[in-house]
Structures are given as C-alpha cells and as structure tokens.
Amino acid sequence: MDRRHLQYYVALAEELHFGRAALRLGIATPTLSVQIQEIERRLGTPLFDRSRREVTLTSAGAIFLAEARNVLRQFEQAEAVGRRAGRGEIGRIEIGYVGSAVHAGALQEQLQRFRSASPDVVLQVGEWPMADLPDLLLDGRIDVVFCRLPMEIPDALGSHILIEDQFCVALPASHALARAVLPVQPALLAKEAFIMPEQPAGTLEVARRGGFVPDIRSRPGHLAAVLAQVSVGDGAVAIVPSVLQRTLLLPGVVYLPIAGPVIASTIAALYREQETSPVVRRLIEQVRRTPSRRIDMLPLRR
C-alpha cells in the first residue's frame with residue numbers, strides 16, 4: 001500500500017460517493033472502485049458499506065480513516081522538511097572560532113544576521129585551538145571557521161577576510177617604552193621577554209625586523225590569558241591584535257603601535273570550497289557577501 005492508495009481512500013471516505021471522489025482525484029470511477037477493493041483485500045476487512053443509494057464507512061473504515069489522514073500529514077510534513085532542507089532553511093551548522101574573532105565582533109555579526117534570516121537552523125558554536133581548525137574543517141567535524149590570519153590554508157579550503165587588523169605591542173604600564181608613549185621600534189624589544197599568543201606571526205615578524213630571536217617566557221594561548229600575564233607579570237610584553245585596545249582593557253596594560261610598515265593581522269572565515277550542504281552554503285554565501293572592515297589603532301595619548 002502506498003501514498004496513492006491512502007489518498008484514494010481518504011477522498012472516498014470524505015465524499016462517500018464514488019463519482020464525486022473519482023472526479024476530485026481526476027481518475028475514472030471504475031479505477032477508484034478497483035483501488036478501494038485492493039485496499040480492502042490487503043487489510044482483510046471491508047471499509048465501506050455499499051448500496052445503490054449510499055456509501056458509508058464501516059467501523060473499521062472510520063478507524064482506518066484517522067490513521068490514513070495522519071500518515072498523509074506525515075508525508076506532507078516530510079516533503080516540506082525535505083524542500084526546506086534543500087533550500088538551506090533548516091539543518092545544523094558546526095562553527096569553530098578563535099577568541100580574537102569574538103573580540104572583533106566578526107563572529108557575532110555573522111551569527112546574528114544568519115539567525116535572523118534562518119531562525120530554524122541550529123548553529124553549534126565552539127572555540128578551538130587555532131592550529132586544529134583547518135583539519136577539523138577538512139574532516140567535516142566543523143563546517144565554517146572564524147580564525148585569525150596569517151595561517152596556512154589547504155587548497156581545498158576557501159577564505160574570506162572580514163576584519164583587517166594589525167599587530168601592536170602590549171606592555172606593562174610601568175615599562176619604560178610605555179611611559180614614552182611612542183611607536184615601538186622592533187629593535188628595542190630585543191632584550192624583552194615575550195608572552196606568546198596562539199597566533200605567533202606578529203611576534204615572529206617583530207623579531208625578524210628587530211634582528212633577534214624572541215625570548216618566549218610562556219605560551220598561555222588565549223588572548224585574555226596573554227594580557228593577564230602582561231598585566232601581573234614582571235615586565236614581559238606581548239604582540240597582540242590591535243582590536244584588544246578597544247575590547248580588552250586590563251589594569252596596568254598599555255597598547256602601542258609598532259614602528260614601520262603595518263604588520264597585518266586579519267580575521268577571516270574559512271570554508272570548504274566544494275561544500276555540499278545547502279544550509280552551510282547559505283552561511284558561506286552570506287559571509288562572502290560581507291565587505292571587510294578595517295580596525296585602526298586609537299590615537300596615542302600622552
């Protein structure tokens with residue numbers, strides 16, 4: 001018995017007239033009669049009492065009518081869900097991010113926009129170590145990543161820059177360079193101890209420009225932990241994204257620009273180039289339509 005049989009049965013049960021039911025279904029009356037007889041043979045019981053003047057439901061027919069209607073509603077619901085899933089209107093997206101994407105607001109902005117447009121999509125969001133994100137994306141454990149560049153991106157992944165930022169120096173307020181309130185020459189940091197954040201590119205570039213090998217005191221990972229060590233430590237400094245100057249203010253920490261050409265640090269979304277999920281593709285399309293915005297350092301105050 002298939003959906004068509006149930007539709008024939010419900011039509012006849014509602015019309016209680018073979019001619020009207022057949023007209024409603026767009027089939028010939030003898031065809032409907034044969035189909036109803038087939039259903040009754042399959043169930044092993046009559047569903048209709050037939051006479052020359054009227055057709056009525058048997059007690060078994062009335063019970064079967066309720067179940068048939070439920071099944072047809074489930075068919076319709078399944079079809080609707082399938083169509084919505086195909087359009088990317090429902091589903092689940094696994095999103096991975098690094099902490100600095102939250103500080104810059106890139107992650108929140110994208111999630112708010114997507115939830116407004118697709119309220120029935122479940123967005124599962126989690127913070128991961130930055131080095132793990134490309135492999136998690138390639139393995140399908142995460143669908144879209146919000147990370148801080150530069151980092152090595154496999155050929156199978158695409159990227160779109162959302163925030164254009166730059167690295168700066170975070171120093172204890174008691175540090176001699178902090179008191180000068182001037183852009184910091186990389187060479188002046190040669191004898192400093194560094195707190196290394198999860199993204200090492202800024203520190204390594206400062207060391208390259210200054211002609212020294214950085215003395216790494218610790219690697220706490222998360223930016224809040226990095227700045228906490230700068231704040232309470234014994235003079236160590238850190239090279240961090242300049243957005244923290246606006247969003248993560250700790251007592252005893254001063255942010256200063258790095259002298260010379262800007263050392264770029266950008267927040268980008270990463271995704272699979274050959275994404276097959278309609279709902280994930282919708283989020284990717286939204287991200288790719290988003291123009292990048294620039295974050296400049298606040299002016300120095302003496």
Side-chain angles (χ1 to χ4, degrees), residues 77-167 198-199 201 222-224 240-248 262 264-296:
Q77 181 179 359
E79 285 183 343
V81 167
R83 284 192 291 268
R84 295 188 67 197
R87 294 193 298 265
E89 295 175 359
I90 58 174
R92 180 186 180 93
I93 305 177
E94 297 285 342
I95 297 172
Y97 70 93
V98 296
S100 57
V102 175
H103 289 298
L107 176 63
Q108 297 94 315
E109 177 187 353
Q110 292 298 322
L111 296 187
Q112 289 168 5
R113 286 175 54 195
F114 194 82
R115 284 186 174 122
S116 295
S118 305
D120 295 328
V121 176
V122 176
L123 300 178
Q124 184 66 40
V125 185
E127 184 175 3
W128 293 84
M130 189 170 67
D132 296 345
L133 289 172
D135 287 339
L136 292 169
L137 192 53
L138 289 172
D139 293 344
R141 293 172 59 189
I142 291 177
D143 298 310
V144 178
V145 160
F146 293 83
C147 64
R148 186 170 285 275
L149 304 181
M151 67 184 298
E152 186 174 346
I153 302 175
D155 292 340
L157 303 182
S159 65
H160 179 78
I161 293 175
L162 296 166
I163 305 288
E164 296 178 357
D165 198 358
Q166 65 188 74
F167 285 106
E198 190 176 19
Q199 169 58 276
H222 200 283
L223 288 171
V240 298
S242 68
V243 69
L244 300 185
Q245 184 189 28
R246 302 168 185 268
T247 62
L248 194 52
V262 167
S265 178
T266 56
I267 293 176
L270 304 184
Y271 46 85
R272 292 179 287 271
E273 287 280 17
Q274 304 301 321
E275 181 57 60
T276 58
S277 166
V279 67
V280 176
R281 286 203 304 268
R282 287 193 70 217
L283 177 56
I284 293 171
E285 290 166 3
Q286 173 188 293
V287 167
R288 294 177 65 176
R289 290 194 302 268
T290 304
S292 64
R293 61 184 175 89
R294 180 176 173 177
I295 297 177
D296 293 318

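To the nearest 0.5 Å, atoms OH (Y271) and CG (L137) are separated by 10.5 Å. To the nearest 0.5 angstrom, Q199 atom CD is 4.5 Å from F167 atom CZ. One finds the OG atom of S100 at 11.5 Å from the CG atom of L248 (value rounded to the nearest 0.5 Å). Distance CG/L244 to NE2/H103: 5.5 Å, rounded to 0.5 Å. Note that the CG atom of L270 and the CD1 atom of I284 stand 10.5 Å from one another [nearest 0.5 Å].
Residue pairs that meet the salt bridge (Lys or Arg N to Asp or Glu O under 4.0 Å) test with at least one member in residues 94-108, sequence neighbours left out, are R92-E94.
Atom CZ of R115 is surrounded by more than 12 heavy atoms from other residues, nucleotides or ligands within 6.0 Å. Surrounding CZ of R288 are at most 12 heavy atoms belonging to other residues, nucleotides or ligands under 6.0 Å away.
Take A104 and apply the side chain to side chain contact (heavy atoms under 4.5 Å, CB included) test, not counting sequence neighbours, and it matches I163, V243, I267, I295. Not counting sequence neighbours, the partners of R294 by the side-chain hydrogen bond (donor to acceptor under 3.5 Å, both in side chains) test are D296. Residues meeting the side chain to side chain contact (heavy atoms under 4.5 Å, CB included) test with A156, sequence neighbours left out: L138. Applying the side-chain hydrogen bond (donor to acceptor under 3.5 Å, both in side chains) rule to E275 yields the partners R272; only residues at least two apart in sequence or on another chain are considered. In this view, E164 and S292 satisfy the side-chain hydrogen bond (donor to acceptor under 3.5 Å, both in side chains) rule, not counting sequence neighbours. Considering only residues two or more places apart in sequence or on other chains, R113 meets the side chain to side chain contact (heavy atoms under 4.5 Å, CB included) condition with E109, Q110, Q286, T290. Under the rule for a side-chain hydrogen bond (donor to acceptor under 3.5 Å, both in side chains), H160 has no partner lying at least two apart in sequence or in another chain.
Put simply, the side chain of R281 gets close to the backbone of T276: a donor and an acceptor are under 3.5 Å apart.
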Show me, pair by pair, the donor-acceptor contacts under 3.5 angstrom made by side chains of residues 127-135, not counting sequence neighbours?
unit_1: E127; atom_1: OE2; unit_2: G99; atom_2: N; d: 3.4
unit_1: E127; atom_1: OE2; unit_2: H222; atom_2: NE2; d: 3.3

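Side chains of S265 and D165: no donor on one and acceptor on the other come within 3.5 Å.
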